[in-house]
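Read through the structure below, which is laid out as structure tokens, and then see the notes.
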Amino acid sequence: MTSTQTILFMTLSSYLAESTGESKYIEAAVAAANWLKTWMLDSETSLMKDRMLYLHNAQEVAGSSLSCHLTGLAIEGFTVLASVTDHGEWSNLAINISRAAMNYEEWHSAEGILTVGTDGDPSENNATKSMKGLLNRGLMIAYQRNRSNKPFCDLVRSYINVQFNALYDLSRRWNTYGVDWRGPYVGPYVHAQIAALDTIVAAIAVNDGV
């Protein structure tokens with residue numbers, strides 16, 4: 001069982017609750033969020049796991065790996081749920097996951113540049129390559145809905161600016177972007193542009209449209 005569907009269900013339910021005010025969507029979002037927190041949130045890193053397997057009639061998380069793009073999606077979902085429920089538990093969880101993701105060394109270079117999805121042939125697409133920008137999208141949503149938390153917002157802005165500056169300065173040729181944001185540019189590949197788009201939009205948002 002993968003966490004993707006449940007994260008998307010939680011996020012959609014949260015947005016529907018926000019749009020309609022109907023309790024059935026809040027209840028659905030909270031149920032999904034509790035399941036994710038219990039089974040798919042890694043207790044050591046506070047990052048999202050990508051799957052859960054059932055072993056020997058007991059529920060265990062096995063054969064799973066930490067997912068950058070699913071962590072980004074979860075940050076968005078938990079953040080919107082926090083806005084809908086006005087419940088500090090979900091807000092704190094989203095912020096904690098955000099901090100953990102920005103500081104997880106295995107996903108970053110020594111300079112703090114996101115390196116997820118840079119292994120192997122850059123021309124071959126997979127979810128890790130094309131969707132890694134969802135981490136920046138999730139952080140952008142958390143930034144926009146926690147503007148009163150200045151230390152957190154300053155951290156998010158600084159992080160996203162590092163990603164954008166690396167993308168623009170080190171991994172760009174004209175108006176296309178590479179898979180590895182540390183450079184040098186290799187491409188063009190469609191999946192690299194998808195990841196770059198989320199990052200560019202996030203950079204605009206956290207710098208107040210500048």
Side-chain angles (χ1 to χ4, degrees), residues 3 7 10-11 14-15 18 33 36-37 40-50 65-118 128 131-172 177 180-183 194-210:
S3 58
I7 293 172
M10 171 186 67
T11 305
S14 297
Y15 278 121
E18 187 172 57
L36 290 167
K37 185 179 70 171
M40 306 310 296
L41 188 67
D42 183 66
S43 59
E44 294 183 3
T45 63
S46 295
L47 303 172
M48 295 304 300
K49 297 177 179 179
D50 62 354
S65 61
L66 302 177
S67 171
C68 176
H69 66 275
L70 292 180
T71 295
L73 287 172
I75 291 169
E76 178 176 0
F78 287 128
T79 298
V80 178
L81 180 58
S83 297
V84 171
T85 60
D86 196 26
H87 199 304
E89 174 189 5
W90 304 121
S91 178
N92 292 335
L93 182 60
I95 289 174
N96 289 340
I97 296 173
S98 298
R99 291 184 182 276
M102 290 185 282
N103 288 292
Y104 190 54
E105 293 184 358
E106 292 187 23
W107 288 352
H108 298 88
S109 70
E111 297 76 24
I113 300 169
L114 191 62
T115 58
V116 170
T118 57
T128 304
M131 299 176 72
K132 65 180 179 180
L134 289 174
L135 175 59
N136 293 320
R137 173 189 165 88
L139 293 171
M140 174 191 73
I141 299 297
Y143 172 95
Q144 291 175 324
R145 292 178 182 244
N146 290 280
R147 295 298 293 267
S148 62
N149 189 337
K150 188 177 185 301
F152 174 71
C153 287
D154 288 345
L155 177 63
V156 171
R157 185 188 305 109
S158 176
Y159 176 86
I160 291 178
N161 283 344
V162 167
Q163 310 315 313
F164 173 78
N165 288 336
L167 180 68
Y168 191 84
D169 294 335
L170 305 176
S171 189
R172 176 178 63 96
Y177 301 89
D180 191 338
W181 298 348
R182 296 168 297 181
I194 295 171
L197 181 60
D198 282 316
T199 302
I200 294 168
V201 171
I204 293 171
V206 301
N207 289 285
D208 297 320
V210 176

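FYI, the numbering just counts along the sequence from 1. It should be emphasised that the depicted structure is a prediction, and the values quoted were computed from it without experimental measurement.
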OG on Ser65 to CG on Asp42, rounded to 0.5 Å
10.5 Å
Ser98 side-chain N/O to Leu139 backbone N/O, donor-acceptor pair under 3.5 Å:
no
Run through Thr71, Leu47, Val116 and flag the one making a side-chain contact (heavy atoms from CB on, under 4.5 Å) with Tyr104.
Leu47
So which heavy atom on Leu114 is nearest to which on Gln163, and how close?
N-OE1, 2.8 Å
Do Arg145 and Val80 come within less than 4.5 Å of each other through their side chains, counting heavy atoms only?
yes
With side chain to side chain contact (heavy atoms under 4.5 Å, CB included) as the criterion, how do Asp198 and Leu135 come out once you've worked through the C-alpha distance, each side chain's angles and the decisive distance to 0.1 Å?
CA-CA 9 Å; Asp198 282 316; Leu135 175 59; over 6 Å; no
Measure across Lys37 and Leu93 and return the closest heavy-atom pair with its distance rounded to 0.1 Å.
CD-CD2, 4.1 Å
What distance do Phe78 atom CZ and Met48 atom CE have between them, rounded to the nearest 0.5 Å?
5.5 Å
Would you indicate whether the side-chain heavy atoms of Leu73 and Thr11 approach each other to under 4.5 Å?
no
Side chains of Val156 and Met102: does their closest heavy-atom pair fall under 4.5 Å?
yes
Close side-chain approach of Ile200 and Leu167, heavy atoms under 4.5 Å:
yes
Could you walk me through whether Asn136 and Met140 satisfy the side chain to side chain contact (heavy atoms under 4.5 Å, CB included) test, starting with their C-alpha distance in whole Å, then the side-chain angles of each, then the deciding distance to 0.1 Å, before giving a yes or no?
CA-CA 6 Å; Asn136 293 320; Met140 174 191 73; over 6 Å; no
For the atom pair OG (Ser91) and CG (Asn146), what is the distance rounded to the nearest 0.5 Å?
4.5 Å
Is it the case that over 12 heavy atoms from other parts of the model lie below 6.0 angstrom from the CG atom of Asp86?
no
For the CH2 atom of Trp90 and the CG atom of Asn92, what is their distance to the nearest 0.5 Å?
11.0 Å
Just wondering, are more than 12 heavy atoms of other shown residues or ligands nearer than 6.0 Å to OH in Tyr168?
no
Just verifying a value: how many Å separate Leu70 CG and Met131 CE, rounded to the nearest 0.5 Å?
7.0 Å
Smallest heavy-atom separation, Thr199 atom then Ile160 atom, equals O-CG2, 4.4 Å
Are the side chains of Lys49 and Leu66 in touch, meaning some heavy atoms are under 4.5 Å apart?
yes
In terms of heavy-atom contacts, Thr115 and Ser109 come closest through CG2-N, 3.6 Å
Leu170 versus Ile113: any side-chain heavy-atom pair under 4.5 Å?
yes
Salt-bridge present (Arg147, Asp208; N to O < 4.0 Å):
yes
Measuring from Cys68:SG to Asp50:CG, what's the distance to the nearest 0.5 Å?
12.0 Å
Indicate yes or no: at least one non-hydrogen side-chain atom of Thr128 is less than 4.5 angstrom from one of Lys132.
no
For Arg99 and Asn103, work out which heavy atoms get closest and say how close.
O-ND2, 2.8 Å
Is there a side-chain contact between Ile97 and Leu41 in this structure, where contact means two heavy atoms from C-beta onward sitting under 4.5 Å apart?
yes
Can you name the closest pair of heavy atoms from Ser14 and Leu81 and give their distance?
OG-CB, 3.5 Å
